[in-house]
Amino acid sequence: MWVYEKKLQYPVRVSKCDPHMAKLLMEQYGGADGELAAALRYLNQRYTIPDKVIGVLNDIGTEEFAHLEMIATMIYKLTKDASVEQLKAAGLGEHYAAHDHALYYQNAGGVPFTAAYIQAKGDPIADLYEDIAAEEKARATYQWLIDLTDDVDLQDSLKFLREREIIHSLRFRESVEILKEDRNQRKVF
Ligand SMILES: [Fe+2]
């Protein structure tokens, strides 16, 4: 169960209408290493992960939804005032034909989200290593997105998200160590 707080985890400001940047940000909305994939991956893995580390998946999976909300806000703000001509020039003509100004779970190339992006192996170490890799890929994607814009307000929000991915990666690494330690202590008679 979740309690909804009607505010973003971190403020999202943009200094200009920029539909092309919105298109690039869709990589973190409905892309393979994006926030939707992260949230769904972690919250789903909770059911078969040892009790000792369920809390980490709960915490991080929930936070990823807050990040998804921030990315949605960025895309909305960058496109809400864009004309059809501006959307076409930004490579969003196909998006407009299918969705008008609505958001859609797709990557920067327009490929719709798929559950094939995420895994649930049932092996705790395999799942946690996937989670660490996912966080590192998300961190790298945020860096490329920061490089792709000169909007300092947008960069500020993206930097916050990049830092959170670093923290998440560290927490998943700690979880691996907790499980390894637990396994080494178990006595077999
Ligand atoms: Fe994350």
Side-chain angles (χ1 to χ4, degrees), residues 1-5 7-14 21-22 24-50 52-78 103-108 111-149 154-179:
M1 187 193 126
W2 283 267
V3 177
Y4 182 73
E5 209 176 327
K7 66 172 190 184
L8 294 174
Q9 188 188 9
Y10 186 86
V12 167
R13 281 183 294 271
V14 305
M21 191 60 204
L24 301 175
L25 284 167
M26 287 175 193
E27 193 60 35
Q28 285 301 80
Y29 195 58
D33 308 319
E35 300 293 357
L36 180 65
L40 296 180
R41 178 191 292 109
Y42 307 147
L43 295 178
N44 181 62
Q45 287 176 357
R46 292 179 299 174
Y47 296 93
T48 48
I49 209 93
K52 274 193 170 173
V53 297
I54 284 179
V56 176
L57 290 173
N58 260 329
D59 289 355
I60 299 179
T62 300
E63 187 179 350
E64 304 296 11
F65 274 122
H67 295 174
L68 187 70
E69 199 176 30
M70 286 177 64
I71 296 292
T73 305
M74 290 175 196
I75 295 171
Y76 168 72
K77 286 189 171 185
L78 290 167
L103 276 69
Y104 189 66
Y105 291 116
Q106 62 194 1
N107 70 11
V111 179
F113 180 81
T114 165
Y117 289 153
I118 63 178
Q119 250 305 353
K121 209 66 206 168
D123 178 280
I125 299 294
D127 282 345
L128 286 168
Y129 274 124
E130 168 168 327
D131 302 346
I132 294 165
E135 294 297 332
E136 296 300 333
K137 289 187 281 182
R139 175 191 52 74
T141 306
Y142 278 122
Q143 184 58 56
W144 313 153
L145 289 167
I146 290 165
D147 296 344
L148 283 161
T149 181
L154 183 60
Q155 282 177 338
D156 180 57
S157 303
L158 291 171
K159 283 176 185 171
F160 169 82
L161 292 170
R162 182 189 61 189
E163 295 312 303
R164 294 308 299 160
E165 306 303 7
I166 295 168
I167 302 295
H168 292 172
S169 176
L170 290 173
R171 290 200 66 198
F172 284 133
R173 286 162 199 257
E174 284 166 11
S175 300
V176 168
E177 293 311 310
I178 289 167
L179 294 187

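Counting starts at 1 for both ligands and their atoms, following the listed order. The structure presented is a predicted model; accordingly, all values stated were derived computationally and were not measured.
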* Asked: How are the rings of Tyr105 and Tyr29 set to each other: parallel, tilted or perpendicular (split at 30° and 60°)?
  -> parallel
* Asp33 and salt bridge (charged side-chain N to carboxylate O under 4.0 Å, His left out): which partner among Lys137, Arg139, Arg41? ->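 Only match with Asp33 under salt bridge (charged side-chain N to carboxylate O under 4.0 Å, His left out): Lys137.
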* Checking salt bridge (Lys or Arg N to Asp or Glu O under 4.0 Å) for the pair Arg173/Glu136: CA distance, chi angles, key distance, verdict? -> CA-CA 11 Å; Arg173 286 162 199 257; Glu136 296 300 333; 2.9 Å; yes
* Please identify each residue that fulfils salt bridge (Lys or Arg N to Asp or Glu O under 4.0 Å) with Asp127, with sequence neighbours left out. => none
* Take Arg164 and Glu63 through the test salt bridge (Lys or Arg N to Asp or Glu O under 4.0 Å) and record every step on the way to the result. => CA-CA 9 Å; Arg164 294 308 299 160; Glu63 187 179 350; 2.6 Å; yes
* Please report the shortest heavy-atom distance between His67 and Phe160, naming the atom on each side. =>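 Closest pair (atom of His67, atom of Phe160, distance): NE2-CE2, 4.4 Å.
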* Within-2.8 Å protein N/O/S contacts of the Fe ion (ligand 1) ->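 The answer, once waters are left aside, is Glu64 OE2, Glu135 OE1, Glu135 OE2, Glu165 OE1, His168 ND1.
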